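Note: hydrogens, waters and symmetry copies are ignored here, and every other heavy atom, side chains too, is used. Just so it is clear, the model here is predicted, and its values are computed rather than measured.
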Amino acid sequence: MREHTWVYDFAWPGQGAVDPGAAFHCLDIPFAWGLTGTAEARHVIGDPPEHLAEDVHKAWVAFITNGDPGWEPYANSRAARRFDAISTTIRDAYAAERCLGLSG
């Protein structure tokens with residue numbers, strides 16, 4: 001069995017009481033677990049786009065249930081999914097960092 005690694009970048013800037021305007025560590029967790037509608041999550045993240053919440057949750061559920069979040073593994077094309085107000089899959093993600101020797 002071949003092992004795969006998928007990469008994603010959660011870039012949507014939170015708009016809640018915690019570090020507004022920044023995409024901070026663990027901001028994606030309420031999205032992943034489908035909890036963006038709770039009062040506690042809204043306090044921290046603000047009012048996210050519904051499609052973003054659905055996209056992140058669907059990717060995590062797909063990965064958990066069948067081992068594939070819905071985009072190519074990183075090793076195949078260095079693809080990374082960027083979750084934002086408009087989410088995209090980026091080919092050759094982190095190319096600049098690799099040129100500097102900062103990323104695999």
- Which residues pass the side chain to side chain contact (heavy atoms under 4.5 Å, CB included) test with Pro20, sequence neighbours left out? none

- What pairs of residues pass the salt bridge (charged side-chain N to carboxylate O under 4.0 Å, His left out) test when at least one of them lies in residues 59-69, not counting sequence neighbours? none

- Item | Residues that Pro73 engages under side chain to side chain contact (heavy atoms under 4.5 Å, CB included), provided they are two or more places apart | His4, Trp6, Asn76

Report, one line per pair, each donor and acceptor closer than 3.5 Å where one atom sits in a side chain of residues 29-46; sequence neighbours left out.
residue	atom	partner	partner atom	Å
Thr38	OG1	Leu35	O	3.0
Thr38	OG1	Ala41	N	3.2
Arg42	NE	Thr36	O	2.6
Arg42	NH1	Asp47	OD1	2.5

- Mind jotting down which residue pairs meet the side-chain hydrogen bond (donor to acceptor under 3.5 Å, both in side chains) criterion with at least one end in residues 49-59? Sequence neighbours excluded, please. none

- Query: Tyr74 and Phe63: same hydrophobic cluster, using ILVMFWY side-chain contacts below 4.5 Å?
  - Reply: no

- Message: Let me check something: do Trp71 and Ile90 share a hydrophobic cluster, defined by ILVMFWY side-chain heavy atoms less than 4.5 Å apart, either directly or through other members?
- Response: no

- Heavy-atom pair of closest approach, residues Ala93 and Ala80: CB-CB, 3.5 Å

- Task: Can you sort out the partners of Arg91 under side chain to side chain donor-acceptor pair (under 3.5 Å), two or more places apart, ordered by chain and number?
- Result: Glu72, Ser77

- Applying side-chain hydrogen bond (donor to acceptor under 3.5 Å, both in side chains), which residue pairs with at least one partner in residues 9-31 are found, sequence neighbours left out? Tyr8-Asp28, Asp9-Arg82

- Message: Could you tell me if the side chain of Arg81 sits less than 4.5 Å from the side chain of Ser87, heavy atoms only?
- Response: yes

- Under a single-linkage definition using a 4.5 Å side-chain heavy-atom cutoff for Ile, Leu, Val, Met, Phe, Trp and Tyr, are Phe83 and Ile64 assigned to the same hydrophobic cluster? yes

- Message: Can you list everything that forms a side chain to side chain donor-acceptor pair (under 3.5 Å) with Asp84? Sequence neighbours excluded, please.
- Response: none

